[in-house]
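Heavy atoms only: backbone and side chains are in, while hydrogens, waters and symmetry mates are out.
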Amino acid sequence: MKQYLSIHDLPNIKETALEAIELKKNPLQFQELGKNKTIGLLFFNNSLRTRLSTQKAALNLGMEPIVMNFGAEGWQLEFEDGTVMDQGKSEHVKEAAQVISQYCDIIAIRAFAGLEDKAKDEAEEVLEAFKKYATVPVLNMESSVGHPLQALADAITIEEHKPAKKKLKVVLSWAPHPRALPHAVGNSFAEMALAHEDGFEVVITHPKGYELNPEKTKGATIEYDQDKAFKDADFIYTKNWSSYKEYGKVANTDTDWTISNRQMAETDNAKFMHCLPVRRNVVVADEVIDSENSIVIQQANNRTYSAQIVLKKILENL
Ligand code: CP
């Protein structure tokens, strides 16, 4: 694999998830592959899981991780070409990406959407600039519009916890949140579920006005009645996102949408999933996240094996 910017960079989602499950049984078996190789993890935004699990994955493969928090530690980067750099930004990404490429064999980037300018966010300024100017493979650790490492961890988790059924019903449910959050996790989960080789029934439920980018949800059933959407579901994947249409706005905080036993009772004993971090009793009630059906901790554990299988595939191609 040359890069991992989107879930569609995987040749086969199910096969990759199965490979990751095999890798999980003996995570140190490919230590030689990453020997004397360095990965640079560049964070333009906060992280717990991505930061630690990607380092852990790299260490499992014998790699040396270097972490840099651009917000607090790096020079402020300019991304526009031809700019007169007489304001606050000290370094152009053109130099920065080439310089970092000399120190690292793989560059991983986290850069969230600003949620103010849809066109700018969808252009993926940071990720695309590194893709353009870096001379080594680039890995997406959550960009403006996608979180493919999370989506692969989700596919691994579904594979491990799925009931013996011909066709799984997977529901992506919006839930309230006081702050405006990006669409990346919802987008990538929808893309993964819709492209999965097992052919899931994919239902997305949210209040009217919270439709995700239709390019990401083509093929899913959109259901505005949350209780109806949950009927007979096998997996409930919950996430807040701000409005896509009224870009970045929080138009609804209706606590009826908070996931509780009321909606879960409609399901076929569904497992509860969330990428974390999660606001308890806002997004999901304690009674659900603390229940036996909650697999959020296992899901977070799979972030290591998602990153590890992707890094392995990139290392094999270096
Ligand atoms: N799920 C996830 O990406 O978590 P972090 O934001 O803590 O990395």
Can you name the nearest heavy-atom pair linking Ser306 to Leu152, along with the distance? OG-CB, 3.6 Å
With a 4.5 Å cut-off on side-chain heavy atoms, are Thr253 and Pro178 touching? no
Output all residues satisfying ring pair (Phe, Tyr, Trp, His ring centres under 6.0 Å) with Phe44, sequence neighbours left out; order by chain, then residue number. Phe70
Once side-chain hydrogen bond (donor to acceptor under 3.5 Å, both in side chains) is applied, what residue pairs with a partner in residues 199-211 remain, sequence neighbours excluded? Glu211-Tyr224
Ignoring hydrogens and geometry, is there a side-chain-to-backbone donor-acceptor pair from Thr54 to Thr50 under 3.5 Å? yes
Cluster link Val67 to Leu311, ILVMFWY, side chain under 4.5 Å: yes
Roughly how far, to the nearest 0.5 Å, is the CG atom of Leu33 from the CD1 atom of Ile314? 11.0 Å
With sequence neighbours excluded, give me every salt bridge (charged side-chain N to carboxylate O under 4.0 Å, His left out) pair touching residues 275-284. Arg280-Asp286, Arg280-Asp290
Any donor and acceptor pair, going by atom type alone, linking the side chain of Gln31 with main-chain N or O of Leu59 inside 3.5 Å? yes
Would you say Tyr244 and Leu212 make side-chain contact, with heavy atoms under 4.5 Å? no
Using every non-hydrogen atom in the two residues, find where His8 and Ala195 come nearest and quote the distance to one decimal. CE1-CB, 4.2 Å
Is any side-chain heavy atom of Phe235 closer than 4.5 Å to a side-chain heavy atom of Thr157? no
Rounded to the nearest 0.5 Å, what separation is found between the CD1 atom of Ile7 and the CD atom of Gln150? 10.5 Å
Restricting to pairs with a member in residues 265-275, which pass side-chain hydrogen bond (donor to acceptor under 3.5 Å, both in side chains), not counting sequence neighbours? Lys165-Asp268, Asn269-Asn293
Ile259 vs Gln226, side chain to side chain contact (heavy atoms under 4.5 Å, CB included): CA-CA, chis, key distance, verdict: CA-CA 10 Å; Ile259 312 301; Gln226 192 189 30; 3.3 Å; yes
With rounding to the nearest 0.5 Å, note down the distance linking CD1 in Ile106 to CG in Leu41. 10.0 Å
Applying side chain to side chain contact (heavy atoms under 4.5 Å, CB included), run through Leu194 and Lys218 and close with a yes or a no. CA-CA 8 Å; Leu194 288 161; Lys218 205 171 164 197; 5.9 Å; no
Under a 4.5 Å cut-off applied to non-hydrogen side-chain atoms, are Gln299 and Leu276 in contact? no
By ring pair (Phe, Tyr, Trp, His ring centres under 6.0 Å), Phe200 pairs with (sequence neighbours left out) His196
Just how far is it from atom CG of Leu315 to atom CE of Met63, taken to the nearest 0.5 Å? 4.5 Å
Would you confirm whether Glu22, through its side chain, and Leu18, through its main-chain N or O, come within 3.5 Å as a donor-acceptor pair? no
Which pairs with one or both residues in residues 154-163 pass salt bridge (charged side-chain N to carboxylate O under 4.0 Å, His left out), sequence neighbours excluded? Lys14-Glu159, Lys24-Glu160, Glu159-Lys162, Lys162-Asp198
Is it the case that the side chain of Ser243 and the backbone of Gly209 share a donor-acceptor pair, with hydrogens and angles ignored and the cut-off at 3.5 Å? yes
Answer yes or no: is there a side-chain heavy-atom contact under 4.5 Å between Val171 and Phe230? yes
Search all heavy atoms of Asn140 against all heavy atoms of Leu127 and return the closest pair with its distance. ND2-CD2, 3.7 Å
Are Ile109 and Ser143 packed together at the side-chain level, in the sense that at least one heavy-atom pair is separated by less than 4.5 angstrom? no
Kindly determine whether Asn213 and His183 satisfy side chain to side chain contact (heavy atoms under 4.5 Å, CB included), including the steps that lead there. CA-CA 9 Å; Asn213 180 347; His183 309 93; over 6 Å; no
Does any part of the side chain of Ser242, heavy atoms only, come nearer than 4.5 Å to the side chain of Leu115, both counted from C-beta? yes
Take a 6.0 Å sphere around CD of Glu116 and say whether it holds more than 12 heavy atoms from other residues, nucleotides or ligands. no
Applying salt bridge (charged side-chain N to carboxylate O under 4.0 Å, His left out) as the test, list every pair that has at least one member in residues 117-144; sequence neighbours left out. Asp81-Lys132, Arg110-Glu142, Glu128-Lys131
Exceeds 12 heavy-atom contacts within 6.0 angstrom, atom CG of Asn281: yes
Shared hydrophobic cluster for Ile13 and Tyr237 (ILVMFWY, side-chain gaps under 4.5 Å): yes
With sequence neighbours left out, which residue pairs that include part of residues 111-168 fulfil the ring pair (Phe, Tyr, Trp, His ring centres under 6.0 Å) condition? none
Atom CG in Asn187, atom NZ in Lys239: separation rounded to 0.5 Å? 11.0 Å
Which heavy atom of Ile66 sits nearest a heavy atom of Cys104, and at what distance? CD1-SG, 4.4 Å
Gln76: side chain to side chain donor-acceptor pair (under 3.5 Å) partners, not counting sequence neighbours: none
Could you walk me through whether Tyr4 and Leu149 pass the side chain to side chain contact (heavy atoms under 4.5 Å, CB included) check? CA-CA 8 Å; Tyr4 188 58; Leu149 283 175; 3.7 Å; yes
Of all heavy-atom pairs linking Ile158 and Met192, the shortest is CD1-CE, 4.3 Å
Around Glu95, counting heavy atoms of other residues, nucleotides and ligands shown, do more than 12 lie under 6.0 Å from its CD? yes
Salt bridge (charged side-chain N to carboxylate O under 4.0 Å, His left out) pairs, two or more places apart, involving residues 31-55: none
Taking every heavy atom of Ser101 against every heavy atom of Ala134, the minimum-distance pair comes out as OG-CA, 3.3 Å
With a 4.5 Å heavy-atom cut-off, do Pro163 and Leu168 have their side chains touching? yes
Enumerate the side-chain hydrogen bond (donor to acceptor under 3.5 Å, both in side chains) contacts for residues 307-318, please, sequence neighbours excluded, ordered by first and then second residue. Glu19-Lys313, Asn60-Gln308, Lys312-Glu316
Going by the rule salt bridge (Lys or Arg N to Asp or Glu O under 4.0 Å), which residues pair with Lys216 if we only count those two or more places apart in sequence or in a different chain? Glu191
Is a side-chain N or O of Gln55 found less than 3.5 angstrom from the main chain of Leu52, in a donor-acceptor match? no
Taking a hydrophobic cluster as the set of Ile, Leu, Val, Met, Phe, Trp and Tyr residues connected by side-chain heavy atoms closer than 4.5 Å, whether directly or through intermediates, do Ile156 and Leu172 fall within one such cluster? yes
Would you say Trp174 ends up clustered with Ile222 if hydrophobic residues are merged whenever their side chains have heavy atoms under 4.5 Å apart, either directly or through other cluster members? yes
Output the distance between atom CZ (Phe272) and atom OG1 (Thr238), rounded to the nearest 0.5 Å. 4.0 Å
State plainly whether one hydrophobic cluster holds both Val282 and Trp241, where clusters connect Ile, Leu, Val, Met, Phe, Trp and Tyr through side-chain heavy atoms under 4.5 angstrom apart. no
